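What follows is a short report on a single structure.
Bear in mind that the values here come from a model prediction, so they are computed numbers and not experimental data. Every heavy atom of this structure was used, including side-chain atoms; hydrogens, water molecules and symmetry mates were not. Residue numbers begin at 1 in each chain, while the letters A, B, ... track the order of the sequences.
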Protein chains: 2
Amino acid sequence: MAGLLADSTRAAMCWALLDGRAWTSRELALHAGVAASTVSEHLTRLVEGGLLVEHRQGRHRYVALAGPHVAELLEAMAAFGPRVPPRGLRAAAVSEAMARGRTCYDHLAGRLGVALRSGLGDLGVVSADLAITEPGEVWLEKLGFDPGERRRSRACLDWTERVPHLAGAAGAFLCAMFFERGWIRRIGTSRAVVLTTEGEQGWRALGLPGVPAA
Amino acid sequence: MAGLLADSTRAAMCWALLDGRAWTSRELALHAGVAASTVSEHLTRLVEGGLLVEHRQGRHRYVALAGPHVAELLEAMAAFGPRVPPRGLRAAAVSEAMARGRTCYDHLAGRLGVALRSGLGDLGVVSADLAITEPGEVWLEKLGFDPGERRRSRACLDWTERVPHLAGAAGAFLCAMFFERGWIRRIGTSRAVVLTTEGEQGWRALGLPGVPAA
DNA sequence: TGGACGGTTCGGCGCCGGCCGAAGTGTTCC
DNA sequence: GGAACACTTCGGCCGGCGCCGAACCGTCCA
């Protein structure tokens, strides 16, 4: 089973899927730099292994991570790997952008994610264990969080910061809200995100301390 | 990095080390059914990869898991694997014993571990998020738990039950206490454990509901 | 000071699996 | 209907890696 993630090409594909979107087979082939036939075989194995789910539509085959648990497993494993410094100016810039803030499947990670978590902790919305407190639930509902969703939040080990951050339903909700309100913006098509000026204002308006440096 | 766990021999070795003890190179070779030279190479790679730590003593080389995080990663990955039914009566018996109750590195897992967790939840010792509550802390201290230890408990995804159970300092403390008081006993030299009759009495004496079936 | 023993290093064997290109299937668009 | 396109299947190549046995190095014990 671990063999599924052992291959560098498959790992690259899963890593790309961590942006939470569904990719087409061709896109993954381009991204991974291998032939379409190779990707096809890999995808079949990953789907059979339960790591990915597929969704066929016309002549396209869309694949996505099978769920948040897969994303969390991936980031947890990445936290193990040897911290290889990126080679080249361009790679270093990309790496720095990712470390600053990024999406992790459906929630925020990187320094931005950690800042959000610690801010929520200061506000008393979540406990030190990343459980949502009762006042925190009220606070979230005011923002539009549906209490019918699973109340249980989840910790997700941050790949760059090596610190847990907020995942689960609440993490996904806040990330979506940040996007909707234009508080964060993707850098190109990557997973990296930046806090916009509106985002900084919103950050303060929520009462969150310590606006993260841009 | 994931390649370290991809090989079945290395996986078997790590799996054996999940009992929390330090094994010698020879024992692992016997267990895995490969030559000593092969094990030696595997161990070197696993140690370099940070999954294992070694401790040389005389002509022996003891290896153990590098920490609880490794154990949790292993069980989390095992929870993914296809539930292969064991082949043969003997294998089925072993599997059943493991599912009933076992140690997971330094804490309890299996149905016994899950029963413990839910019992602690009913008592209000831990929250639904497996965080230790304030009354829970008092409760644990009465049993001899050192509050100086990290208060943060950890969730560990149970391999057989697919449900999180109590790991971390509190989980390790309770498991050690159960052993000391003779409430649980290892079956042979395996990770599987059984609740003794003293254990059943103790279970009730603690006020835990639902004594797990023997 | 031998011999037994645990562990390591090295050379070589064999298999597994990732990769590609070519041919084939189904879909969409003109 | 035909052409372009996304994807799949198949055969074959090749590199990597797990495995072993043999030789070697230290440690422990008589």
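When rounded to the nearest whole Å, the span between CD of A:E48 and P of D:dT8 equals 12 Å. One interatomic measurement links the two molecules: NE2 of B:H60 to P of D:dC28, which rounds to 8 Å at whole-angstrom precision. Residue A:L43 contributes atom CG, which lies 9 Å from atom P of D:dC7 at whole-angstrom precision. Atom-to-atom, CG of B:L5 to C1' of D:dG18 comes out at 16 Å; the value is rounded to the nearest Å. Taking atom NE2 of B:H42 as the reference point, atom C1' of D:dG16 lies 14 Å away to the nearest angstrom. C:dG6 atom C1' lies 14 Å from atom CD of B:E54, rounded to whole Å. Distance, A:Y62 OH to C:dT27 C1': 13 Å, rounded to whole Å. In this structure, A:R45 places its CZ atom 7 Å from P of C:dG17, rounding to the nearest Å.
Contacts between residues 7-29 of chain B and DNA chain D, counted as heavy-atom distances below 4.0 Å, involve B:D7, B:T9, B:R10.
The pair A:K142-A:E137 does not meet the salt-bridge criterion, since no charged nitrogen lies less than 4.0 angstrom from a carboxylate oxygen.
Contact between A:E72 and A:A167 at its shortest, heavy atoms only, is OE2-CB, 3.9 Å. Listed here is the closest heavy atom pair of A:G182 and A:T196: O-OG1, 2.7 Å. A pairwise comparison of heavy atoms in B:G49 and B:L4 identifies CA-CD1, 3.7 Å as the closest pair. Looking at every heavy atom in both residues, A:I184 comes nearest to A:C175 through CD1-O, 4.1 Å.
Each of C:dG11, C:dT8, D:dT8 was ranked by its minimum atom distance to the side chain of B:E41; first place goes to C:dG11.
Relative to the six-membered ring of B:W15, B:R10 misses at least one condition, a distance below 6.0 Å or an angle of at most 45° to the axis.
Residue A:S40 places at least one side-chain N or O under 4.0 Å from the OP1 or OP2 atom of D:dT8. The side chain of B:R56 contributes an N or O atom lying less than 4.0 Å from OP1 or OP2 of C:dT8. Contact annotation: A:R59 side-chain N/O to D:dA4 OP1/OP2 distance is not under 4.0 Å.
In this structure, B:F145 and B:F173 have tilted ring planes: the angle between them lies in the 30° to 60° band. In this structure, A:H107 and A:H165 have tilted ring planes: the angle between them lies in the 30° to 60° band.
Helix-axis bend for the helix from C:dT1-D:dA30 to C:dC30-D:dG1: the local axis fitted to the five terminal pairs at one end deviates from that at the other end by 30°, rounded to 10°.
For the pair A:G3 and A:Q57, both in contact range of DNA chain C, the more 5′-proximal nearest nucleotide belongs to A:G3.
Side-chain to base pairing of B:S37 with D:dG21: one donor and one acceptor N or O lie within less than 3.5 Å of each other.
The neighbour count for A:R185 CZ, taken as heavy atoms of other residues, nucleotides or ligands under 6.0 Å away, does not exceed 12.
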